[in-house]
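Right, one structure below, let's go through it.
To find a chain, count down the sequence lines: A is the first, B the second, and so on, and within it residues start at 1.
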There are 2 protein chains.
Amino acid sequence: MTRFGKHTNISLEDLIYDAYQHMIKNSSEHGFKLDIDAVFVGSMNVDEFTGEGNLGSVVVDKLDLVPLPAVRVETASATGSGVFQTAALGVSSGIYNNVLIIACEKMTDLPTSRTTSILAKVLSPLERAHGATMPALSALVTRRYMKDHNLSLEDLAKVAVKSHYNGSLNPFAHFQKEVSLETIMESRIIASPLRIYDCSPISDGAAALVLTSRKTDVKVTGIGQGTDHLSLQTRSSLTSFGATRTAAKKAFEMAGRSPPEIDIAEVHDAFTPFEIIGTEDLGFFDAGEGGQAVIDGRTDLNGDIPINTSGGHKARGHPVGASGLAQVIEIVWQLRGECEKRQVDNVKIGLTQNIGGFASNNFVNILEVFQ
Amino acid sequence: MTRFGKHTNISLEDLIYDAYQHMIKNSSEHGFKLDIDAVFVGSMNVDEFTGEGNLGSVVVDKLDLVPLPAVRVETASATGSGVFQTAALGVSSGIYNNVLIIACEKMTDLPTSRTTSILAKVLSPLERAHGATMPALSALVTRRYMKDHNLSLEDLAKVAVKSHYNGSLNPFAHFQKEVSLETIMESRIIASPLRIYDCSPISDGAAALVLTSRKTDVKVTGIGQGTDHLSLQTRSSLTSFGATRTAAKKAFEMAGRSPPEIDIAEVHDAFTPFEIIGTEDLGFFDAGEGGQAVIDGRTDLNGDIPINTSGGHKARGHPVGASGLAQVIEIVWQLRGECEKRQVDNVKIGLTQNIGGFASNNFVNILEVFQ
């Protein structure tokens, strides 16, 4: 993958090219010769962010892969996972043997207000009509979680402290500096109680990965997807996301695994409370216990279930269509023991969880060392 | 499917709902009980045409299919086929048994100039920068074809006469009136030599179909996809589309069929010359013979290879993301003998060909009666 961040003078096409070259080099170093037979491209809002309307064709043309098949897959902010799981169907079908997945987004070319309004289109039209934005609804969920489970703002800030620490160890992260609790607690409010450090940034970036039917050192053992109603008002809970629970159940069943067996996880933290809710929905902690787990350091790099070793969306960055695939790549690197300063010991099974829209279309993937 | 056309007072969501209800009723009449386990949604430019940014979730919510998985697939103007073939991977993988495919577009809410400029984003940035539009480049291809193969404007108009005649027999068509050769020859010029009757309309519409692993009366025997360079200047030919030839080769190989075995075909006729080029690229006629075949009536309803019995994009209409699936639906109806006035006798094998962008991402599907 490319480093995620603000790439002012690099086009989306060039980010894709860079990620692809990095993948080729990385694969080659592991002794894999690629013979790609199809391309799956993920981007959430390429049309509006960059003005390109034919991304599948753009990618095969740019990467000199004409006349290979290419499709674009989109599942809002879970697009990186949507394209990953759809590509997995291609390999599982036996129709394709080696599929290239490109997941990407170029968000920083537009003014932030415009970008935010494009992203808000994933919300229920009912709620959008009243001016709801992603941060506003996230703030509402956060208030409810704080009330139900006695979470303090300081507890929440500790998620960001951890993410930024992990990001400081990741050369691919958007933000690579530690941030103190005090800085976070004093940062400006975006949607009360959420401060700027509770929100993932607007980033550019691209990620590339090949899924193969051949035996390699890493195996995808479980994939799962679930949806939920768009409107929060029609959901059974504000502080637990049904789409994650559905996706997790399927992925765990397919893999034949259970939450305690997972060594590390990348959890969708577009907002810091989402990481806490995610770890509960995934079954790592009981409902209401996710905050305490952060405080106790259980999700730290040396904790019993390290979460977002990459820095997460918060620090690694969140180019919306690319993030889900970056999560998978972090797990692959951890399973291979290639994460250097942020490497977790003895990682055999990893999981990613990715949220689409306001948790209306969520994904879980389980990857394992394959020996 | 819904009737294609200008649906001023019906939202995209309601068009999708109508198509789904029509599909349920139709399936029920054929004795199929549906137990859908995943949803694949196709739309080319839903964000820009309607302002919705999360179509997969919108569809499962609207159709009361939460928490089923839903992904959106996009391959420019071949999106209806892109989503069909991607859904086919899902069934072939064994992970899903019954996948619902929704293909849709709501184009008429915007001014035509805005719609046309959105559609032009599929072109090569190089050519777009010089003001190229779909009709302009199509006109260029047409001029070259006319020069190379002695096609006259009157010959071209006969494609539209045939399409509008077929459309007059199709209750789902945008245009259901016959149009005379004189009317076409005197209609206004869009991009010389193409007149308004050489161009498919801007339409609204939705289509729904379930692919199942169970044995039914119709079987998908071949699918194929191919891509080509975006810029026309980098292609080996202006009058033959490599992406169609690649897609056709794969689909024919998978089906174990050859062009003479095909009874009917739906061929992508966004512009009348595309139908002629398509019938040549598919191997129905030799290069340069497609125009004469139209003149000789070989592609008429009672010809030896009826083309676009639905009326084609020209008369059935072209809601860009939906058209490819509408082609498949027409073939299913023809295979079942349900097309009434436009029914072709003894249809056992049908084919669809769908163009994405300016023939940069094309698809071919082969469907057969399964006994």
Side-chain angles (χ1 to χ4, degrees), chain A residues 38-39 44-45 47-48 51-58 60-61 65-76 82-83 85-86 88-96 118-125 223-231 234 242-243 246-247 250 254 356-358 360-361, chain B residues 38-39 44-45 47-48 51-58 60-61 65-76 82-83 85-86 88-96 118-125 223-231 234 242-243 246-247 250 254 356-358 360-361:
Chain A
V39 183
M44 178 173 165
N45 282 108
D47 300 78
E48 286 162 303
E52 288 300 321
N54 197 359
L55 192 60
S57 296
V58 167
V60 287
D61 207 356
L65 294 173
V66 168
L68 290 186
V71 300
R72 174 180 163 226
V73 175
E74 178 265 311
T75 52
V83 68
Q85 293 199 359
T86 304
L89 297 178
V91 175
S92 300
S93 73
I95 291 174
Y96 298 131
I118 290 169
L119 296 174
K121 291 185 190 175
V122 301
L123 301 175
S124 151
I223 59 174
Q225 183 189 1
T227 53
D228 204 346
H229 302 288
L230 287 170
S231 288
T234 60
T246 302
K250 288 184 193 176
M254 188 184 287
F358 203 92
S360 64
N361 199 349
Chain B
V39 183
M44 179 173 165
N45 282 108
D47 299 80
E48 286 162 304
E52 287 300 322
N54 198 358
L55 192 61
S57 296
V58 167
V60 287
D61 207 358
L65 294 173
V66 170
L68 291 186
V71 299
R72 174 179 163 227
V73 175
E74 178 265 311
T75 52
V83 68
Q85 293 199 1
T86 303
L89 297 178
V91 175
S92 299
S93 72
I95 292 174
Y96 299 131
I118 290 169
L119 296 175
K121 290 185 191 175
V122 300
L123 302 176
S124 151
I223 61 174
Q225 182 189 3
T227 53
D228 204 345
H229 302 288
L230 286 170
S231 288
T234 60
T246 301
K250 288 185 193 175
M254 189 184 286
F358 203 92
S360 65
N361 199 350

Selection from [options] maximising heavy-atom pairs under 4.5 Å formed with chain A:
options	result
B:A38, B:G90, B:G51	B:G51
B:P67, B:S360, B:S92, B:A247	B:P67
B:E48, B:K121, B:M254	B:K121

What's the separation between atom [atom1] in [X] and atom [atom2] in [Y], rounded to the nearest 0.5 Å?
X	Y	atom1	atom2	result
B:L68	A:N361	CG	CG	11.0 Å
A:S57	B:L230	OG	CG	5.5 Å
B:R72	A:M44	CZ	CE	10.5 Å

Under a 4.5 Å heavy-atom cut-off, does chain A meet the side chain of [X], its backbone, both or neither?
X	answer
B:V58	both
B:T246	side chain
B:I95	side chain

Any idea which of [options] has the most non-hydrogen atom pairs under 4.5 angstrom with chain B?
options	value
A:G82, A:G226, A:A70	A:A70
A:S93, A:A120, A:G224, A:G357	A:S93
A:T234, A:L89, A:L119	A:L89

With a 4.5 angstrom heavy-atom cut-off, is it the side chain or the backbone of A:I223 that approaches chain B, or both, or neither?
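Looking at A:I223, just its side chain touches chain B.
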Can you name the residues that form a side-chain hydrogen bond (donor to acceptor under 3.5 Å, both in side chains) with A:S231, not counting sequence neighbours?
A:S124
Looking at side-chain heavy atoms only, is the closest gap between [X] and [Y] below 4.5 Å?
X	Y	answer
A:Q85	B:V71	no
B:P69	A:K250	yes
B:D47	A:D47	no

Could you pull out the closest heavy-atom pair between [X] and [Y], with the gap in Å?
X	Y	value
B:P125	A:E52	CG-OE2, 3.5 Å
B:N54	A:A76	OD1-CB, 3.7 Å
A:V122	B:G53	CG1-O, 3.4 Å

Okay, side chain of B:T227, backbone of A:V66: is any donor-acceptor separation there less than 3.5 Å?
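No: the side chain of B:T227 does not pair with the backbone of A:V66.
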Considering residues at least two apart in sequence or located in another chain, which fulfil the salt bridge (Lys or Arg N to Asp or Glu O under 4.0 Å) criterion with A:D61?
none
